[in-house]
Asker: 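If you scroll down you'll find the structure; I have some questions about it.
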Amino acid sequence: MLEVRNLSKRFGGLLAVDDAELTVPEGAIVSLIGPNGAGKTTLFAAIAGFLKPDAGRVTLSGEDITGLTPHDVCRRGLVRTFQVVQPFANLTVRDNIAVGAHTRIRGRADARRHAETIAAELGMSEMLDQPAAALTVAGRKRLELARALATGPTLLLLDEVMAGLNATEIEDIVRVIRGIREAGVTIFLIEHVMQAVMSLSDRTYVLNNGAIISQGTPGEVASDPQVIEAYLGHGASQAITREATAAGGPDA
Amino acid sequence: MSEQTRIAGWTVLLALLVLAPLAITSGRWIEFMELTLFVAVLGQGWNILGGFGGQYSFGHALFFGTGAYIQALLQFKLGWSPWATLWFAIAGGVLVGAFVGYLSFRYGLRGSYFALITLAFAEAFHVLSRSLVAVTEGGRGVALDLNLDPDRALTTFQFNFGGDFLKAYGFYYTILVILMLAYAATWWMEHTRFGAQLVAVRENEDAAEALGIDAFRVKLGAICLSAAITAAAGVYYTQKFLFIDPGIAYGPTKSVEALFAPIIGGLGTVLGPLVGALFLHGLGEFAKETIGLVWEDRPGLDLILFGVVLILVLAFLPRGLVGLLDLAWRRLSGAAPAARKGKADA
């Protein structure tokens with residue numbers, strides 16, 4: 001469904017995304033993990049049209065979408081959410097979601113009705129008349145998701161929708177994401193909450209210093225020495241193996 | 001406030017404005033109402049782009065002046081009928097709006113940069129209208145011939161020497177019709193996808209883009225509609241005063257007048273500019289009357305007062321007077337507070 005080939009993005013002297021290659025198959029949940037500053041959000045932004053890649057190609061269902069504007073990308077069925085939530089603060093939850101619905105629905109009343117349906121699916125019916133500014137963190141994260149979903153996407157790019165949520169809220173949103181996939185939407189997500197990554201994803205890519213250093217099922221990736229070193233520092237992988245085999249005390 | 005209550009409120013308000021001349025017989029108060037409605041039209045023009053779209057222009061005189069000048073010059077130089085020139089005047093305003101909008105929005109100018117570029121364009125037109133003497137008659141301005149024949153009052157769009165009714169109320173109803181059209185257009189806009197997308201762009205342009213909105217096109221549409229209404233105010237001005245010069249057309253006064261009314265009345269609300277204009281000019285008139293009694297007449301006093309009111313509204317009423325009315329209505333009807341419609345940090 002989504003193919004990224006040799007994508008690079010440079011900011012001055014910093015190579016934020018370095019020759020990234022990845023594939024998101026239709027109907028799958030694929031995750032992108034990596035330490036802070038690895039370039040995950042930059043990669044998302046380059047895919048969704050918010051940044052022009054310096055090199056490489058992005059195709060959606062076989063169609064080249066490299067360098068298109070974000071609204072064009074959205075109309076073709078790929079929509080992203082923001083890590084730092086971007087609600088229309090002065091509008092109600094209903095009107096926020098309706099803005100997304102307007103991508104495919106012209107009439108105001110129809111868009112609002114569609115917004116109500118989406119809100120019901122995500123368990124937000126109670127909040128419809130509240131201004132977005134009055135929502136809790138969990139509510140805002142969910143609103144990001146609802147708005148994106150209202151555009152009728154085929155592929156959703158979710159940027160850390162679980163950050164800042166407590167355990168119950170995470171369970172809730174994991175259930176919601178599964179439901180969205182079951183409804184036929186492919187999902188590509190950036191996440192730091194490992195338990196969610198492990199339980200949700202069919203496939204995981206690991207980004208470090210802008211480059212994809214590992215890929216596979218979540219289990220494979222988690223035991224990859226390169227990944228452990230990327231997260232815990234040079235030598236960490238060996239240290240852990242030593243510890244596991246010798247079951248000895250911590251070595252300096 | 002429910003949709004039905006709003007519609008009922010509007011009907012009452014419009015009926016009052018239509019019937020006002022029955023109660024107001026003094027020419028001076030009719031003049032006052034004409035001026036107020038004129039500012040309310042100017043304000044609505046600004047409000048579409050600034051209030052609904054969040055693009056604060058500091059040079060709306062650009063559209064006002066272009067409308068006024070085209071209306072005057074086509075009659076003065078080519079002898080066209082004012083009823084024909086007015087379409088060109090409005091189209092000219094839209095064209096200038098599209099041009100400025102294309103340049104600023106294509107290059108992503110927002111906030112104070114947009115305000116500055118509109119101010120710069122208005123000033124550039126100010127200078128041009130002064131220096132292109134062959135076209136605009138320069139600093140002397142354009143004075144249209146006065147029509148003294150009462151039978152031709154309608155065809156010349158000059159009501160000063162018309163029959164009793166035209167002479168007294170012709171221009172009042174002219175500006176009222178322009179106001180109704182402008183406010184109906186704004187009301188329509190608020191109830192369409194275009195309006196929803198414009199507000200979304202105001203609230204958060206990146207999020208709007210991510211949700212499939214072509215922010216450039218939406219803003220361009222808004223500046224064209226905004227310019228059309230503002231240019232229509234220019235047409236009215238030319239016909240009412242039969243005179244236009246560079247200072248009146250492109251000077252900063254009209255740009256400031258255009259933004260005062262909606263900011264004080266309530267940004268991004270259909271009613272805001274009208275409420276703001278009524279309040280400001282009512283207050284100005286009241287001040288002149290009362291202070292004039294004990295003190296000699298001080299020109300410019302109303303402007304000082306406007307400034308004070310603007311500061312107070314910005315500090316304490318971010319949603320303007322309409323927000324205050326809305327709050328009072330909710331208190332009275334016991335309804336729960338709903339989302340703010342205006343921009344909070346205006």
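Every chain is numbered from 1 and lettered A, B, ... according to where its sequence line falls, protein lines coming before strand lines.
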Asker: Inspect the surroundings of CD in A:E21 and state if more than 12 heavy atoms from other residues, nucleotides or ligands are less than 6.0 Å away.
Answerer: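 Counting other residues, nucleotides and ligands, CD of A:E21 exceeds 12 neighbours.
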Asker: How about B:V201 and A:F88: do any of their side-chain heavy atoms sit closer than 4.5 Å?
Answerer: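 B:V201 vs A:F88: side chains apart.
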Asker: Could you tell me whether the side chain of A:T151 and the main chain of B:L211 form a donor-acceptor pair under 3.5 Å?
Answerer: no
Asker: Any side-chain heavy atom of A:T69 sitting closer than 4.5 Å to one from B:D214?
Answerer: no
Asker: On a heavy-atom basis, which atom in B:A210 and which in A:P70 lie closest, and how many Å separate them?
Answerer: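 That would be N-CB, 4.4 Å.
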Asker: In Å and rounded to the nearest 0.5 Å, what is the CD to CD distance from B:E203 to A:Q86?
Answerer: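 B:E203 atom CD to A:Q86 atom CD measures 12.0 Å (nearest 0.5 Å).
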Asker: For chain A, find which of B:A215, B:A207, B:G212 contributes the most heavy-atom pairs closer than 4.5 angstrom.
Answerer: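 Result: the option with the highest number of such pairs is B:G212.
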Asker: Are any side-chain N or O atoms of B:R193 and backbone N or O atoms of A:H102, one a donor and one an acceptor, separated by less than 3.5 Å?
Answerer: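 Checking the backbone N and O of A:H102 against the side chain of B:R193, a donor-acceptor pair under 3.5 Å is found.
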Asker: Should the heavy atoms of other residues, nucleotides or ligands under 6.0 Å from CZ of B:F58 be counted, would the total exceed 12?
Answerer: no
Asker: Please classify the contact of B:Q197 with chain A as side chain, backbone, both or neither, using a heavy-atom distance under 4.5 Å.
Answerer: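 For B:Q197, the side chain is the part near chain A, not the backbone.
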Asker: Quick one: pull up CG in B:N204 and CG in A:N90 and give me the separation to the nearest 0.5 Å.
Answerer: 11.5 Å
Asker: Shortest non-hydrogen contact from B:E209 to A:H71?
Answerer: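 The pair with the smallest heavy-atom distance is OE1-ND1, 2.9 Å.
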Asker: Please state whether the side chain, the backbone, both or neither of A:P153 comes within less than 4.5 Å of a heavy atom of chain B.
Answerer: neither
Asker: Please determine whether the number of non-hydrogen atoms from other residues, nucleotides or ligands lying under 6.0 Å from atom CZ of A:F11 exceeds 12.
Answerer: yes
Asker: Does any backbone or side-chain atom of A:I105 lie under 4.5 Å from a heavy atom of chain B? Answer side chain, backbone, both or neither.
Answerer: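 Backbone only.
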